[in-house]
Structures are given as C-alpha cells and as structure tokens.
Amino acid sequence: MKTAQDILQSYSIGEIKKILPIHNGFINETSMVETTAGDFILQKMSPIFKPQVMEDIQAALEHLKNHGLATMEIIKTKDGALSVVDEDSF
C-alpha cells in the first residue's frame, strides 16, 4: 500500500510541508496537505467505490460550474489522470 507521501508525488502541487489527517469522515480517509503551492485535500476513497466514480464526480462538478456555482476542483495527476489507483483503493 502506498503512503500519502507516495501518492502526492504523482501531483504537481509543490513541495509538501505537512500532511494532517482529518478525522471527521465515516467512509473515506481525508487529509489536509500543506504545500509550497497552497493547501489541498487528499482523499483516499473507500474500496466500496470503483475509480470510475471520479469521472462521475468530475462531470457533476463541471455541470455545476457551467451553471455559475462555485465548486471544488479535482487536481489531475502529472499524467492527466483523475486519481491514483493503489492496491486497495484510489
């Protein structure tokens, strides 16, 4: 299983300064990532979801944005993927 540090190497988000777990979720594992380029949220999705769910989330976010609503942005990996797939999750 890859560590958060390993996963973050797949993104162009600056130098990682700090990774802080957020313990409020029930399904996914979420962390706040502080970098030299800003702050980001890293979420390890539960194995109950398939990686294709990221395509659905991206489509929903684009639809909302196209209708004038503010949304979060999914940061793509260095190779343009919507997520990094690990052995047991993404």
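What's counted below: heavy atoms across the whole structure, side chains too, no hydrogens, waters or symmetry copies.
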- Note on the structure: Scanning both residues in full, the closest heavy-atom pair of Ala37 with Ile13 reads CB-O, 3.4 Å
- Message: Quick one, Glu55 and Leu82 - any side-chain contact, counting heavy atoms below 4.5 Å?
- Response: yes
- Side chains of Phe49 and Asn28 in contact at under 4.5 Å (non-hydrogen atoms): yes
- Task: Only counting residues at least two apart or in another chain, list the ones meeting side chain to side chain contact (heavy atoms under 4.5 Å, CB included) with Ala4.
- Result: Ile19, Leu42
- Item | Which residues share a side chain to side chain contact (heavy atoms under 4.5 Å, CB included) with Asn24, sequence neighbours left out | Ile22
- Do the side chains of Met72 and Met32 join up, straight or via other hydrophobic residues, at under 4.5 Å, putting them in one cluster? no
- Sequence-distant partners of Thr71, side chain to side chain donor-acceptor pair (under 3.5 Å), two or more places apart: none
- Message: Whether the side chain of Ser31 engages the backbone of Val33 through a donor-acceptor N/O pair (distance < 3.5 Å, no angle test) should be reported.
- Response: no
- Task: Just grab all the side-chain hydrogen bond (donor to acceptor under 3.5 Å, both in side chains) pairs involving residues 1-17, residues at least two apart or on different chains.
- Result: Thr3-Asp6
- Task: State plainly whether one hydrophobic cluster holds both Ile75 and Ile7, where clusters connect Ile, Leu, Val, Met, Phe, Trp and Tyr through side-chain heavy atoms under 4.5 angstrom apart.
- Result: yes
- Task: Sequence neighbours left out, what pairs pass side-chain hydrogen bond (donor to acceptor under 3.5 Å, both in side chains) with at least one residue falling in residues 56-69?
- Result: Gln58-Glu62
- Shortest non-hydrogen contact between Thr77 and Ser83, atoms and distance: CG2-O, 4.0 Å
- Query: Crowded around Lys78 NZ? As in, over 12 foreign heavy atoms under 6.0 Å?
  - Reply: yes
- State which residues pass side chain to side chain donor-acceptor pair (under 3.5 Å) with Thr30; sequence neighbours excluded, sorted by chain then number. Gln43
- Task: With sequence neighbours left out, write down each residue that passes side chain to side chain contact (heavy atoms under 4.5 Å, CB included) with Leu69, or none if nothing qualifies.
- Result: Leu64
- Among all residues two or more places apart in sequence or in another chain, which pass the ring-ring contact (aromatic ring centres under 6.0 Å, His included) test with His23? none
- Note on the structure: Looking only at heavy atoms, the pair that brings Met45 and Ile57 closest together is CE-CD1, 4.5 Å
